[in-house]
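Take a look at the structure set out below.
Numbering starts at 1 and runs along the sequence shown. Note that the coordinates shown come from a computational prediction; the quantities given were computed from them, not determined experimentally.
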Amino acid sequence: MDPRLSLPARTCRCCHNGTVPAENSIPAGPNHSVVVVGGGPGGYEAALVARRTGADVTVVERSGLGGAAVLTDVVPSKTLIATAEWLTIAESAPELGIRTGGTVTPGDDPDARRSLVDLQAVNKRVLALAAAQSDDIRARMDREGVRVVDGSGRLDGPSRVVVSPSDGGAEVTLEADIVLLATGATPRTLPTAEPDGERILTWTQLYNLAELPERLIVVGSGVTGAEFAGAYLALGSEVVLVSSRDRVLPGEDEDAAELLEGVFRSRGMTVMSRSRAASAARTDTGVTVTLEDGRVVEGSHVLVAVGGVPNTEGLGLAEAGIDVTRSGHIEVDKVSRTSVRGVYAAGDCTGVLPLASVAAMQGRVAMAHALGDAVAPLHLGNVAANIFTAPEIATVGYSEEALRSQGSRYVTTTLPLARNPRAKMHGVHDGFVKLFAHPEAGIVLGGVVVGPRASELIFPVTLAVSHRLTVDDVAETFTIYPSLSGTIGEAARVLHGQLTPR
């Protein structure tokens, strides 16, 4: 099974008819206390749900509301990528008949492209936007009556949280009927490539750079590595992507990954497949990355993007009797309960699926269940995910690899965006829509969209997967002409012809 579709090791113990009864929950009320450790999407969304039931809610956050998702990860990275996207769009200007002094093309001298980018100004805007978003979340907490404590929290048993204030004051103990742990994760580092914040970097440190890297080596070809490699290539850096696997994005749809790698190479990126990095070191003028086969890659900077580590050390989990995985993630079921009554967990510290949207849903489901509501358990098959490269890659439902590996019968079609009239108008050449459906019932099982704004285009496919719509339901729904979403309707009509009558 695709890991996005089921969690065999964490199956819910009480799922009936699609909902989870709130057994062992605590009736909501103004006299019940909730303490949330971590103010990221999982934490602050849970706090809002709890507060609206009338509970007394405290959020403990050490870095700022929004957590890493807002301050150092999702919001900053996607803001940087959105900035880089303008230069990618500008590549199509000559094709559209536009001639300006600032126009760039894939074959331009990198120095010419870099001269268009003031990275210090870009990063200043990125960090300002992230801070503003964090401030907006804090203002919302204040309006809703959620108490926010600046500091670090740890469990002292299942119903107490000890807070070490950020200002260095005396520790405070908070009693709680319900505790939610939403402490997130931090970038994984390599002992042979320790980040220094100047030349050897994690993705949280990129926003401190004053100048665009002349030659950026990206170690890791997963989602984070691919996104930053594409962004800095568009901004004007020479980029070398070091991948230990056969291709970039090894966990994604094969056709989508191959298309993206082809685009990367055509734009001048060096992609080193089957090349595992052993170490990174500073030199007088930059960095060197030594591969396991002895080859040495030189650059001005190196970004190490090799996954994350859950922030669970020092939380008092063992003392409270909470089970964790071998990787240090907190074990939860599909309503985010831990092994201890009254203690829930959400987000990247659980290792369920490292997406802000999933963290937020986990937090909402956890708190609704804890405070007495019957809720639908988390179903990862309905989660839409997006990779913010150019073109973007969005997926939902079963992947083709999962369907093949489990021997499922399915029909599929892939339609290129290049023949879509709206795509032609915008000079879009790369991308496609792929749908999977049951060959008899016609139910949409999953889909892949590769193209500009795939994160928006995947929504109708997500609706189809979530509500078990058929390809005929999709095919018979009006789309705008001309529109990129028209290709989704066309793909559904093609699939109709492949269905086997029952």
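In this structure the side chain of Tyr410 reaches within 4.5 angstrom of the side chain of Arg404, judged on heavy atoms. Between Arg140 and Val146, every side-chain heavy-atom pair lies at or beyond the 4.5 Å cut-off. At least one side-chain heavy atom of Arg419 sits under 4.5 Å from a side-chain heavy atom of Glu490. Between Phe228 and Ser77 the shortest side-chain heavy-atom distance falls below 4.5 Å. The shortest side-chain heavy-atom distance between Phe436 and Val444 does not fall under the 4.5 Å cut-off. Between Arg215 and Val240, the closest side-chain pair of non-hydrogen atoms falls below 4.5 Å. With a 4.5 Å cut-off on side-chain heavy atoms, Arg188 and Thr202 do not count as touching. With contacts defined as side-chain heavy-atom distances shorter than 4.5 Å, the pair Val297/Thr288 does not qualify.
With Glu331 contributing its side chain and Thr325 its backbone, the two residues share no donor-acceptor pair below 3.5 Å. For the pair Thr479 (side chain) and Ser485 (backbone), a donor-acceptor distance under 3.5 Å is absent. Counting only distance, with no hydrogens or angles, the side chain of Asp348 and the backbone of Gly184 share no donor-acceptor pair below 3.5 Å. Although no hydrogens or angles enter the test, the distance criterion places a donor-acceptor pair under 3.5 Å between the side chain of Ser166 and the main chain of Gly151. With hydrogens and angles ignored, the 3.5 Å screen pairs no side-chain donor or acceptor of Asp196 with any backbone N or O of Leu201. In terms of modelled atom types and a separation under 3.5 Å, the side chain of Ser275 and the main chain of Ser273 share a donor-acceptor contact. For Tyr344 (side chain) and Ala182 (main-chain N/O), no donor-acceptor pair under 3.5 Å exists by modelled atom type. With hydrogens and angles disregarded, a donor-acceptor distance shorter than 3.5 Å links the side chain of Ser405 to the backbone of Ala402. A donor-acceptor contact shorter than 3.5 Å links the side chain of Thr83 to the backbone of Thr79. Of the possible polar contacts, none joining the Ser237 side chain to the Val239 backbone as a donor-acceptor pair under 3.5 Å is found.
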Start with the C-alpha gap between Met425 and Leu96, add the side-chain angles, then the distance that decides, and say whether side chain to side chain contact (heavy atoms under 4.5 Å, CB included) holds. CA-CA 8 Å; Met425 296 171 192; Leu96 303 181; over 6 Å; no
Does Asp255 form a side chain to side chain contact (heavy atoms under 4.5 Å, CB included) with Val448? I'd like the steps, not just the answer. CA-CA 10 Å; Asp255 293 333; Val448 182; over 6 Å; no
For the pair Val302 and Arg199, evaluate side chain to side chain contact (heavy atoms under 4.5 Å, CB included) and give the outcome as yes or no after the intermediate values. CA-CA 6 Å; Val302 59; Arg199 296 286 182 174; over 6 Å; no
Applying side chain to side chain contact (heavy atoms under 4.5 Å, CB included), run through Arg274 and Asp246 and close with a yes or a no. CA-CA 5 Å; Arg274 297 181 295 277; Asp246 292 339; 3.2 Å; yes
For Arg138 and Asp150: C-alpha separation, side-chain torsions, deciding distance, then whether salt bridge (Lys or Arg N to Asp or Glu O under 4.0 Å) applies. CA-CA 11 Å; Arg138 179 177 284 270; Asp150 298 321; 2.8 Å; yes
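Here Ser455 contributes atom OG and Phe388 contributes atom CZ; the two are 4.5 Å apart, rounded to the nearest 0.5 Å. Note that OG of Ser134 and CG of Leu127 are 12.0 Å apart. Values are rounded to the nearest 0.5 Å. For the atom pair NE2 (His426) and CG (Leu417), the distance works out to 12.0 Å, reported to the nearest 0.5 Å. Taking CG of Leu80 as the reference point, atom OH of Tyr207 lies at 6.0 Å (rounded to 0.5 Å). In this structure, CG in Leu206 is found 8.0 Å from CG in Asn123, a value given to the nearest 0.5 Å. To the nearest 0.5 Å, the span separating CG on Leu457 from CG on Leu484 amounts to 5.5 Å.
For Ile480, the CD1 atom counts as loosely surrounded, since its 6.0 Å shell holds 12 or fewer non-hydrogen atoms of other residues, nucleotides or ligands. Summarising the local packing, CD of Glu95 is surrounded by more than 12 heavy atoms from other residues, nucleotides or ligands at distances under 6.0 Å. A 6.0 Å sphere centred on CD of Glu258 holds more than 12 heavy atoms belonging to other residues, nucleotides or ligands. Annotation for Phe459: atom CZ does not count as buried by contact number, only 12 or fewer foreign heavy atoms lying within 6.0 Å. Crowding of Arg62 atom CZ: a count of heavy atoms from other residues, nucleotides or ligands under 6.0 Å not exceeding 12. Heavy-atom neighbours of Arg265 CZ from other residues, nucleotides or ligands within 6.0 Å: above the threshold of 12. Counting non-hydrogen atoms of other residues, nucleotides and ligands closer than 6.0 Å to CD of Glu292 gives a total above 12.
Every salt bridge (charged side-chain N to carboxylate O under 4.0 Å, His left out) that Arg453 has, sequence neighbours left out, goes to Glu85.
Between Arg154 and Glu313 there is no salt bridge, since no side-chain N of the basic residue sits under 4.0 Å from a carboxylate O of the acidic one. A salt bridge does not link Arg247 to Glu261: none of the charged nitrogens lies less than 4.0 Å from a carboxylate oxygen.
In terms of heavy atoms, Pro391 sits closest to Leu259 at CG-CD2, 3.8 Å. The nearest pair of heavy atoms linking Gly347 to Gln362 is N-OE1, 2.9 Å. Considering every non-hydrogen atom in both Leu291 and Ala277, the closest pair reads CD2-CA, 4.0 Å. Pro41 and Gly66 make their closest contact through CD-O, 3.8 Å (heavy atoms, listed as atom of the first residue, atom of the second, distance). Shown here for Leu180 and Ala345, the closest heavy-atom pair between the two residues is CD1-N, 3.7 Å. Here the closest heavy-atom approach between residue Ala491 and residue Val433 is recorded as CB-CG1, 4.2 Å.
The salt bridge (charged side-chain N to carboxylate O under 4.0 Å, His left out) test with Arg282 singles out one residue from Glu298, Glu198, Glu194, and that residue is Glu198.
Using a 3.5 Å distance cut-off with no hydrogens or angles, the side chains of Ser399 and Glu401 do not pair a donor with an acceptor. Between the side chains of Ser279 and Thr192, not a single donor N or O lies within less than 3.5 Å of an accepting N or O.
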